[in-house]
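First up is the structure itself, then whatever we jot down about it.
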Amino acid sequence: MTAQLIDGTAIAATIRAEIQAEVEALREAAGIVPGLATVLVGQRKDSQTYVRMKKRACEEVGIASFGVELSAEISEADLLVEIEALNENPDVHGILVQLPLPAHIDEEQILGSISVHKDVDGFHPVNIGRLAMKGRAPGFVPCTPRGCIELLERSGIEIAGRHAVVLGRSNIVGLPVAMLLLHRNATLTVCHSRTADLPAVVRSADILVAAVGQPEMVRGDWIKPGAAVIDVGINAVDDASAERGYRLVGDVHFEEAQAGAGALTPVPGGVGPMTIAMLLRNTLDSARRVPGSA
Ligand code: NDP
């Protein structure tokens with residue numbers, strides 16, 4: 001059996017086209033242009049790249065972007081003032097603080113200061129709390145986990161009643177994706193660095209979501225024949241034959257998994273493109289909640 005490829009690049013392009021049409025319709029009907037503010041503290045090259053990609057993605061679908069670039073030396077108090085200004089700005093419907101923040105700033109304090117109504121990353125404790133509870137819809141679902149679920153659903157993969165195994169329990173991926181699977185009636189197992197006999201647990205998965213940050217850790221013989229595999233991992237491994245001297249691999253050994261899985265995401269081109277598409281979706285959802293937009 002060769003796994004069906006779950007093409008995140010193509011699915012994300014479809015979603016961006018849907019968003020573009022909905023943004024246009026909202027503008028025509030209510031005169032509202034969704035706006036996303038990105039807050040970048042410091043000069044980290046990777047963070048600068050992520051912020052640039054997010055701004056470009058906004059432009060492509062007609063979402064206004066507001067870039068706030070601040071010195072790495074900014075005090076926590078001054079950063080809170082900047083965020084409060086964005087909370088008050090009616091043209092801004094979503095606020096994204098690019099992580100990580102410099103060590104002297106308390107990340108939890110900053111994420112908690114973003115208005116719960118503009119928390120398009122879905123990391124505000126209130127949104128995470130609602131996500132964890134039965135029957136309490138969060139205002140926003142974190143983007144990468146939401147992207148994983150979209151990939152499954154748009155690929156026609158049944159979730160209800162199936163055994164889902166999530167590798168990893170981080171606040172940004174493992175934990176929220178586990179909650180989303182549970183809400184869709186999967187029977188759930190969450191694994192982490194202290195899980196005993198990981199291969200045996202993974203072998204019982206009908207749906208596997210791997211988010212551990214360990215290159216190609218999941219081998220082909222860990223995967224139940226026919227299982228759906230969503231590989232969230234993005235890991236750079238040395239490769240002298242590659243132009244940049246490295247290549248990107250997931251947490252799953254792609255070639256081995258391809259032989260037995262029923263469906264599989266590639267890395268790159270799987271979950272990655274979905275994360276930004278879901279950020280755009282969350283920003284549009286937020287703008288739609290403005291009174292008079294319906
Ligand atoms: P974290 O490092 O925050 O969490 C990793 C999780 O994996 C932890 O729960 C950890 O367990 C567990 N883990 C680590 N090693 C092992 C192991 N050997 N066996 C079992 N469990 C293990 O990572 P993130 O959740 O932030 O990211 C995970 C991966 O996803 C990374 O490769 C990251 O680059 C990628 N990523 C991709 C995104 C995308 O858009 N595609 C977005 C975000 C992340 P414990 O809790 O016990 O320490």
Side-chain angles (χ1 to χ4, degrees), residues 15 19 22 34-41 50-51 54 57-58 63 65-66 68 76 79-80 82-101 105-153 159 164 166 168-186 188 190 209 211 232 271 274-291 293-294:
I15 293 172
I19 292 171
E22 291 173 43
L36 174 70
T38 51
V39 179
L40 176 63
V41 182
Y50 292 137
V51 165
K54 287 164 187 170
C58 282
I63 291 178
S65 64
F66 301 80
V68 179
E76 190 174 299
L79 180 54
L80 287 169
E82 295 283 347
I83 290 177
E84 193 46 39
L86 296 172
N87 283 341
E88 296 297 325
N89 185 340
D91 295 330
V92 170
H93 304 97
I95 302 171
L96 178 145
V97 175
Q98 187 64 44
L99 302 177
L101 290 167
I105 292 176
D106 180 349
E107 187 178 295
E108 195 180 344
Q109 181 76 15
I110 298 302
L111 295 181
S113 75
I114 295 172
S115 162
V116 73
H117 305 294
K118 298 189 179 187
D119 172 40
V120 284
D121 250 346
F123 295 154
H124 191 288
V126 169
N127 278 324
I128 291 285
R130 286 194 186 137
L131 181 67
M133 294 169 86
K134 195 175 173 191
R136 305 275 172 83
F140 301 98
V141 171
C143 301
T144 302
R146 188 174 180 184
C148 294
I149 300 296
E150 284 277 340
L151 287 175
L152 290 168
E153 291 183 340
I159 299 176
V166 177
R169 55 177 168 181
S170 73
N171 288 335
I172 63 167
V173 190
L175 213 56
V177 88
M179 293 303 115
L180 291 172
L181 289 163
L182 197 56
H183 291 319
R184 283 163 181 73
N185 299 313
L188 181 69
V190 181
V209 179
V232 184
V271 176
M274 294 297 287
T275 298
I276 291 187
M278 293 300 106
L279 177 67
L280 302 175
R281 166 58 66 195
N282 279 350
T283 305
L284 172 59
D285 288 352
S286 180
R288 279 222 182 97
R289 292 179 198 145
V290 172
S293 68

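All figures in this text were calculated on a predicted structure; none of them were measured in a lab.
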Item to complete: Measure the CG-OG distance between L111 and S113 for me, rounded to the nearest 0.5 Å.
Response: 7.5 Å
Worksheet item: Looking only at heavy atoms, which two atoms of A211 and V173 are closest? And how far apart?
Response: CB-CG1, 3.6 Å
Practice prompt. Measure the NE2-CD1 distance between H117 and I95 for me, rounded to the nearest 0.5 Å.
Written response: 11.5 Å
Worksheet entry | Trace of the side chain to side chain contact (heavy atoms under 4.5 Å, CB included) decision for C143 with D121 | CA-CA 6 Å; C143 301; D121 250 346; 4.1 Å; yes
Worksheet item: Hey, is the main chain of G139 close enough, under 3.5 Å, to the side chain of R289 for a donor-acceptor pair?
Response: yes
Discussion item. I'd like to know if the side chain of T283 and the backbone of G94 have a donor-acceptor N/O pair within less than 3.5 Å.
Written reply: no
Discussion item. How close do V92 and F66 get, counting heavy atoms only, and between which atoms?
Written reply: CG2-CD1, 3.9 Å
Worksheet item: Would E153 and R184 satisfy salt bridge (Lys or Arg N to Asp or Glu O under 4.0 Å), going step by step from the backbone distance to the final call?
Response: CA-CA 11 Å; E153 291 183 340; R184 283 163 181 73; 2.9 Å; yes
Worksheet entry | Test side-chain hydrogen bond (donor to acceptor under 3.5 Å, both in side chains) applied to R130 - qualifying residues, sequence neighbours left out | none
Worksheet entry | From Q109 atom CD to L79 atom CG, the distance as rounded to the nearest 0.5 Å | 10.0 Å
Fill in: Derivation of the side chain to side chain contact (heavy atoms under 4.5 Å, CB included) call for Q98 and V39
CA-CA 6 Å; Q98 187 64 44; V39 179; over 6 Å; no
Worksheet item: Counting only N and O atoms by type, is there a donor-acceptor contact under 3.5 Å from the side chain of E76 to the main-chain atoms of D106?
Response: yes
Worksheet, complete the sentence: Heavy-atom closest pair (L188 atom, A178 atom, distance to 0.1 Å) is CD2-O, 3.5 Å
Worksheet item: Does any non-hydrogen side-chain atom of L175 lie less than 4.5 Å from one of I128?
Response: no
Practice prompt. Go through the steps for L180 and L131 under the test side chain to side chain contact (heavy atoms under 4.5 Å, CB included), then give the verdict.
Written response: CA-CA 8 Å; L180 291 172; L131 181 67; 3.6 Å; yes
Worksheet item: Taking the side chain as C-beta and beyond, is there a heavy-atom pair between R281 and M274 under 4.5 Å?
Response: no
Worksheet, complete the sentence: With sequence neighbours left out, the residues meeting side-chain hydrogen bond (donor to acceptor under 3.5 Å, both in side chains) with T144 are T275
Practice prompt. Check whether any side-chain heavy atom of I83 lies under 4.5 Å from a side-chain heavy atom of V68, and answer yes or no.
Written response: no
Worksheet item: Does some side-chain heavy atom of H93 sit less than 4.5 Å from a side-chain heavy atom of R288?
Response: no
Discussion item. So that I can tick it off, tell me whether K118 and D285 are bridged by a salt bridge, with the cut-off set at under 4.0 angstrom between side-chain N and carboxylate O.
Written reply: no
Worksheet item: How far does CD1 of I276 sit from CG of L280, to the nearest 0.5 angstrom?
Response: 7.5 Å
Worksheet entry | Interatomic distance, L40 atom CG to L99 atom CG [nearest 0.5 angstrom] | 11.0 Å
Discussion item. For I15 versus A277, what's the shortest heavy-atom pair and its separation?
Written reply: CG2-CB, 4.2 Å
Discussion item. Tell me whether D119 contacts the main-chain N or O of F123 through its side chain, where contact means a donor paired with an acceptor under 3.5 Å.
Written reply: yes
Discussion item. Show the nearest heavy-atom pair for residues G168 and V190, with the distance to one decimal.
Written reply: O-CG1, 3.8 Å
Practice prompt. Verify, without hydrogens or angle tests, whether N87 (side chain) and S115 (backbone) share a donor-acceptor contact under 3.5 angstrom.
Written response: yes
Worksheet entry | For T38, all residues meeting side-chain hydrogen bond (donor to acceptor under 3.5 Å, both in side chains), sequence neighbours excluded | none
Item to complete: Could you give me the CA-CA distance, side-chain angles and deciding distance for N185 and I159, then say whether side chain to side chain contact (heavy atoms under 4.5 Å, CB included) is met?
Response: CA-CA 7 Å; N185 299 313; I159 299 176; over 6 Å; no
Worksheet item: Considering only heavy atoms from C-beta outward, does the side chain of K54 approach that of L96 to under 4.5 Å?
Response: yes
Worksheet, complete the sentence: d(L36 CG, S65 OG) to nearest 0.5 Å is 7.0 Å
Discussion item. I'd like to check C148 versus V232 (side-chain heavy atoms, cut-off strictly below 4.5 Å). Are they in contact?
Written reply: yes
Fill in: N282 side chain to G122 backbone, donor-acceptor under 3.5 Å
no
